[in-house]
K.L.:
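What follows is a single structure, and I will ask about it in a moment.
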Amino acid sequence: MILDAIIKSTCSLEMYRMGRYKETYTNLYHGTTEDAANCIVSSQKFLPSSDDNWCGAGIYFYDIKSKALWAAKRKCLEQQELSGIKHKHTYVNADIVDLDKELILDLRTYSDVQQFANFVDRILAEGDFNIAGDLDSTEMQIKKRAILISFYAQQCGKKLIIGHFRQVENPKFVDVQAAAERLQLVVGVETIYCVKDSCIISNIRGAKV
C-alpha cells in the first residue's frame, strides 16, 4: 500500500510539472549482426534484450554510428564464442517521432534525475525493495541501477530512457584526461537510448554503406 502511494504520487507530480509536449529523435543506430539486421528490417520489429546493464531490458540505440558498430562487433564476438560461427556486424537505423515528454525519462536533465532520485530514495527507505548481492561492487551497482530504472519505467509508464553513461575503462582516456579538464570537456561517456516499448519505434531501415 505504501509503495503504491509513493509510485502514484511521484508519477502524478512528474506529469503535472512536465506538462505535455513532444520529442523527436531521428536516425538512431542499433548495432547488431547482419542476420539479425535483415530480420529486423524485413519484419519491422525489434526484440528487446534481457540485458541487466545500463538501463535493463530494452532495445538499445546510439546517436553515433561508430558506437553502434562497436556494439555490433562486440555482439558478433559474443555469438562467435557461443556458437563458433562468425557473424558480420552492421547496424539498423530507426526513428522515434512525436513522443510525449511524459513518456521519457531523460537522465541528462536536472528535473528527470531529481524525480528519479527522489523516487529511488523513497522506495529504498521503505525497505520493501531489496537486491541480493555485494552492493559495494561496481557490477552490482550497475545491476542495481538497471533494476531501479526498469522498475521506475514500468511503474511510471516510461517508454524511452536516455542517459549519459560511463564507457568501459579505456587507457586511451588517461592520455587525454588532463587536456579535457583544462578545456572543460567531458570524455569517457556515451549517450544511450533504451526503448522500453517497441511501439514507439518507426521508419526502421537497413544500414547505408
Side-chain angles (χ1 to χ4, degrees), residues 20-109 112 142-143 145-168 170 188-209:
R20 296 183 65 88
Y21 66 89
K22 299 178 184 295
E23 295 280 11
T24 292
Y25 309 94
T26 59
N27 213 37
L28 297 174
Y29 298 91
H30 173 80
T32 188
T33 66
E34 190 174 73
D35 290 342
N38 290 334
C39 290
I40 291 169
V41 173
S42 61
S43 67
Q44 291 291 290
K45 291 180 180 179
F46 284 90
L47 293 177
S49 72
S50 57
D51 197 354
D52 60 0
N53 290 325
W54 304 116
C55 304
I59 303 155
Y60 283 84
F61 293 91
Y62 292 99
D63 51 17
I64 300 175
K65 185 191 299 184
S66 61
K67 291 303 302 180
L69 289 174
W70 169 83
K73 289 178 181 178
R74 186 181 62 176
K75 185 174 294 183
C76 287
L77 288 174
E78 290 173 352
Q79 293 200 9
Q80 183 178 342
E81 289 178 359
L82 291 173
S83 65
I85 301 173
K86 289 185 178 182
H87 293 271
K88 293 183 178 179
H89 66 278
T90 187
Y91 63 86
V92 173
N93 280 124
D95 302 331
I96 298 172
V97 179
D98 290 339
L99 183 64
D100 284 346
K101 176 61 182 74
E102 66 190 49
L103 302 178
I104 304 169
L105 172 60
D106 192 339
L107 296 171
R108 304 169 300 177
T109 67
D112 281 21
I142 292 173
K143 185 175 182 179
R145 179 189 68 200
I147 291 172
L148 288 168
I149 287 177
S150 290
F151 183 64
Y152 180 81
Q154 180 184 33
Q155 298 299 323
C156 294
K158 301 300 181 181
K159 297 187 177 184
L160 174 65
I161 316 298
I162 310 173
H164 291 318
F165 296 93
R166 285 195 184 95
Q167 294 177 313
V168 177
N170 187 330
V189 298
E190 55 195 1
T191 304
I192 289 177
Y193 299 74
C194 175
V195 174
K196 296 292 186 179
D197 183 349
S198 61
C199 293
I200 69 174
I201 303 172
S202 62
N203 194 20
I204 301 170
R205 54 209 186 272
K208 289 185 178 180
V209 180

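What you see is a predicted model; the values in this text were computed from it and never measured.
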K.L.:
Can you list the steps and then say if H89 with L69 is a side chain to side chain contact (heavy atoms under 4.5 Å, CB included)?
P.N.:
CA-CA 7 Å; H89 66 278; L69 289 174; 3.9 Å; yes
K.L.:
Once you round to the nearest 0.5 Å, how far does CD1 of I64 lie from CD of E190?
P.N.:
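The distance works out to 8.5 Å.
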K.L.:
Check whether any side-chain heavy atom of I142 lies under 4.5 Å from a side-chain heavy atom of R166, and answer yes or no.
P.N.:
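No. Closest side-chain heavy atoms not under 4.5 Å.
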K.L.:
Taking atom types as modelled, is there a side-chain donor on D63 or Y25 under 3.5 Å from an acceptor on the other?
P.N.:
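Judged by distance alone, the side chains do not pair up.
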K.L.:
Could you state the interatomic distance from NZ (K75) to OG1 (T32), rounded to the nearest 0.5 Å?
P.N.:
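One gets 4.0 Å once the value is rounded to the nearest 0.5 Å.
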K.L.:
Please find the pair of heavy atoms, one from G163 and one from L107, that lie closest to each other, and give the distance.
P.N.:
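For G163 and L107, the tightest heavy-atom pair comes out as CA-CB, 4.1 Å.
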K.L.:
Check whether K45 reaches the backbone of C39 with its side chain - one donor and one acceptor, N or O, closer than 3.5 Å.
P.N.:
no
K.L.:
Please report the interatomic distance CG(N38) to OG(S43), rounded to the nearest 0.5 Å.
P.N.:
10.5 Å
K.L.:
Could you tell me whether K73 atom NZ has more than 12 heavy atoms of other residues or ligands within 6.0 Å of it?
P.N.:
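Atom NZ in K73 is not crowded, with 12 or fewer foreign heavy atoms closer than 6.0 Å.
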K.L.:
Establish, yes or no, whether the cationic atom of K67 lies under 6.0 Å from the six-membered ring centre of W70 and within 45° of the ring axis.
P.N.:
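Relative to the ring axis of W70, which defines the angle, K67 lies inside both limits.
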K.L.:
Rounded to the nearest 0.5 Å, what's the gap from CD on E102 to CD on E23? Could you check?
P.N.:
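Between atom CD of E102 and atom CD of E23 there are 12.5 Å.
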K.L.:
Using only atom types and a distance under 3.5 Å, with no angle test, would you say the side chain of Q80 pairs donor to acceptor with the backbone of H87?
P.N.:
no
K.L.:
Flag the pair C76 / E34 as yes when at least one side-chain heavy-atom distance between them is below 4.5 Å, and no otherwise.
P.N.:
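C76 does not reach E34 side chain to side chain.
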K.L.:
Indicate the atoms forming the closest heavy-atom contact of F46 with S198, along with that distance.
P.N.:
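Smallest heavy-atom distance, with atoms named: O-CB, 4.4 Å.
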K.L.:
Among L99, L28, I96, I161, which residue meets the side-chain contact (heavy atoms from CB on, under 4.5 Å) test with V195?
P.N.:
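The residue from L99, L28, I96, I161 that satisfies side-chain contact (heavy atoms from CB on, under 4.5 Å) with V195 turns out to be I96.
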K.L.:
Closer than 3.5 angstrom, by distance alone: can the side chain of Q155 be matched with the main-chain N or O of Y152 as a donor-acceptor pair?
P.N.:
no
K.L.:
N93 and Y29: side chain to side chain contact (heavy atoms under 4.5 Å, CB included), yes or no, with the steps?
P.N.:
CA-CA 5 Å; N93 280 124; Y29 298 91; 3.1 Å; yes
K.L.:
Check this for me: does any side-chain nitrogen of one of R205 and D95 sit under 4.0 Å from a carboxylate oxygen of the other?
P.N.:
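A salt bridge links R205 with D95.
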K.L.:
What's the shortest heavy-atom distance between A72 and T90, and which atoms?
P.N.:
CB-O, 3.3 Å
K.L.:
How long is the straight-line distance from CG of L160 back to CG of D100, given to the nearest 0.5 Å?
P.N.:
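The CG atom of D100 sits 12.0 Å away from the CG atom of L160.
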K.L.:
Would you check, one step at a time, whether the test side chain to side chain contact (heavy atoms under 4.5 Å, CB included) holds for C194 with W54?
P.N.:
CA-CA 9 Å; C194 175; W54 304 116; over 6 Å; no
K.L.:
Minimum heavy-atom separation for G206 to V41, with atom names?
P.N.:
N-CG2, 3.7 Å
K.L.:
State whether the number of non-hydrogen atoms from other residues, nucleotides or ligands found under 6.0 Å of K88 atom NZ is greater than 12.
P.N.:
no
K.L.:
Check T109 against D106 and note the closest heavy-atom contact, atom names and distance.
P.N.:
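Scanning both residues completely, I find the closest heavy atoms to be OG1-O, 2.9 Å.
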K.L.:
Tell me if a side-chain donor or acceptor on S150 pairs with a main-chain N or O of C55 at a distance below 3.5 Å.
P.N.:
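Side chain of S150 to backbone of C55: a pair is present.
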K.L.:
Say you draw a straight line from CD1 of I59 to CD1 of I200; how long is it, rounded to the nearest 0.5 Å?
P.N.:
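Here the interatomic distance stands at 8.0 Å.
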K.L.:
List the steps and the verdict of side chain to side chain contact (heavy atoms under 4.5 Å, CB included) for T191 and I162.
P.N.:
CA-CA 7 Å; T191 304; I162 310 173; 4.1 Å; yes
